[in-house]
Q: 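My questions will all concern the structure given below.
The residues of the chain are indexed from 1 along the displayed sequence. Note: hydrogens, waters and symmetry copies are ignored here, and every other heavy atom, side chains too, is used.
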Amino acid sequence: MTAELARECVRFAQMGWMRGTSGNLSVVLQRDPLRLAVTVSGVDKGEITAQDSVVIDADGNAVDSPKVPSAEAGLHARIARVAGAGAVVHVHALATVVAAEHWPGGVVLKDLEMLKGFGRYAHEEVVIPVVRNSQDMLELGDAFEKGFDPKVPALLVARHGVYVWGDDLVQARHRLECLEWLLRFKVETRDIFTGRHS
């Protein structure tokens, strides 16, 4: 499982979504008590190895390890608990941050075929929630939970990045790839569709 975390980090780093040491991934190891493997803090995601992960508890604290988990570990655990996710990915893809800047009340997506890859019908209206950034994971977790929709496995954090989750890392990655495309389309066509999709 830790090797899978490393492989996915390298993939996202190559896509430019985990620049430097930014971003983090996690997978659920067990539910009761909740335990996740999460990438450690301060490691270049393009050079990360299977040893660069740590087990955390439901509060995001390291379990029996001197390793320091990623600063957002607590939010990973909160998402896993509330959404029932098996894996959570957090990256800083530019389109996600720009979209949150333009639509701070939530990004509306509709009539786009790529929504199918996000687990929805192309004609459905999907609103990706946006929350204000905070260094306090309890505050971010409360904001996430307040606006949580079980049909929308994603959260945009303003001027920060995006969290996407799924049953496993592969599903979470596929959803993220599709969501990034959808948000890039939304941003790049915003002048064309002003009034229709704003």
Q: Is the number of heavy atoms from other residues, nucleotides or ligands under 6.0 Å of Arg159 CZ greater than 12?
A: no
Q: Quick check: closest heavy atoms across Ala154 and Ile128, and the distance to 0.1 Å?
A: CB-CG2, 4.3 Å
Q: Applying salt bridge (charged side-chain N to carboxylate O under 4.0 Å, His left out) as the test, list every pair that has at least one member in residues 65-77; sequence neighbours left out.
A: none
Q: Just by modelled atom types, is the Lys151 backbone N or O under 3.5 Å from a matching donor or acceptor in the Asp149 side chain?
A: yes
Q: Between His160 and Asn133, is there a side-chain donor-acceptor contact under 3.5 Å, judged purely by atom types and distance?
A: yes
Q: At their closest point, which heavy atom of Gly141 faces which heavy atom of Leu75, and how far apart are they?
A: CA-CD1, 3.7 Å
Q: Looking at Ala73 and Gly60, what are the two nearest heavy atoms and their distance?
A: CB-O, 3.7 Å
Q: Who are the side-chain contact (heavy atoms from CB on, under 4.5 Å) partners of Ala172, not counting sequence neighbours?
A: Val89
Q: When you measure from the side chain of Asp52 to the backbone of Thr49, do you find a donor-acceptor pair of N or O atoms at a distance under 3.5 Å?
A: yes
Q: Kindly list each side-chain donor-acceptor pair under 3.5 angstrom involving residues 7-18, sequence neighbours excluded, with atom names and distances?
A:
from: Glu8; atom 1: OE1; to: Arg173; atom 2: NE; distance (Å): 2.7
from: Glu8; atom 1: OE2; to: Arg173; atom 2: NE; distance (Å): 3.4
from: Glu8; atom 1: OE2; to: Arg173; atom 2: NH2; distance (Å): 3.2

Q: Which heavy atom of Ala50 sits nearest a heavy atom of Ala6, and at what distance?
A: N-CB, 3.9 Å
Q: Report yes or no: do His92 and Arg19 form a side-chain donor-acceptor pair below 3.5 Å?
A: no
Q: Please name all residues satisfying salt bridge (Lys or Arg N to Asp or Glu O under 4.0 Å) with Glu124, sequence neighbours left out, ordered by chain then number.
A: Arg120
Q: Give the C-alpha distance, both sets of side-chain angles, the deciding distance and a yes or no for side-chain contact (heavy atoms from CB on, under 4.5 Å) between Leu29 and Val55.
A: CA-CA 8 Å; Leu29 301 175; Val55 176; 3.8 Å; yes
Q: Applying a strict under-4.5 Å side-chain criterion to I, L, V, M, F, W and Y, I'd like to know whether Trp103 and Met114 cluster together.
A: yes
Q: If I take atom CD from residue Glu101 and atom OG1 from residue Thr96, how far apart are they, to the nearest 0.5 angstrom?
A: 11.5 Å
Q: Are the side chain of Lys110 and the backbone of Val108 linked by a donor-acceptor contact shorter than 3.5 Å?
A: no
Q: Can a donor-acceptor pair be found between the side chains of His123 and Asp111 at a distance below 3.5 Å?
A: no
Q: Group every Ile, Leu, Val, Met, Phe, Trp and Tyr by side-chain heavy-atom contacts under 4.5 Å, then state whether Val152 and Phe144 land in the same group.
A: no
Q: Keeping the roles fixed (side chain from Glu180, backbone from Leu176), state whether a donor-acceptor pair exists under 3.5 Å.
A: no
Q: Verify, without hydrogens or angle tests, whether Ser134 (side chain) and Leu140 (backbone) share a donor-acceptor contact under 3.5 angstrom.
A: no
Q: In the single-linkage hydrophobic clustering (I, L, V, M, F, W, Y; side-chain heavy atoms under 4.5 Å), do Leu169 and Val91 co-cluster?
A: yes
Q: Could you check, using the six-membered ring where one of them is a Trp, whether His76 and Tyr163 have ring centers closer than 6.0 angstrom?
A: yes
Q: Could you go through Phe118 and His174, starting from their C-alpha distance and side-chain angles, then the distance that decides it, and tell me whether this counts as side-chain contact (heavy atoms from CB on, under 4.5 Å)?
A: CA-CA 8 Å; Phe118 198 54; His174 289 169; over 6 Å; no
Q: Taking only residues two or more places apart in sequence, or in another chain, which ones meet Glu145 in a side-chain contact (heavy atoms from CB on, under 4.5 Å)?
A: Arg78, Arg81, Val82
Q: State which residues pass side-chain contact (heavy atoms from CB on, under 4.5 Å) with Ala62; sequence neighbours excluded, sorted by chain then number.
A: Val54, Pro69
Q: Other residues, nucleotides and ligands only: do more than 12 of their heavy atoms fall within 6.0 Å of CD on Gln30?
A: yes
Q: Taking all non-hydrogen atoms of both residues into account, name the closest pair between Val130 and Ala100 and its distance.
A: CG1-CB, 3.9 Å
Q: Closest approach of Ala122 and Leu115, non-hydrogen atoms and distance?
A: O-CD1, 3.7 Å
Q: Could you tell me whether the side chain of Arg175 and the main chain of Pro153 form a donor-acceptor pair under 3.5 Å?
A: no
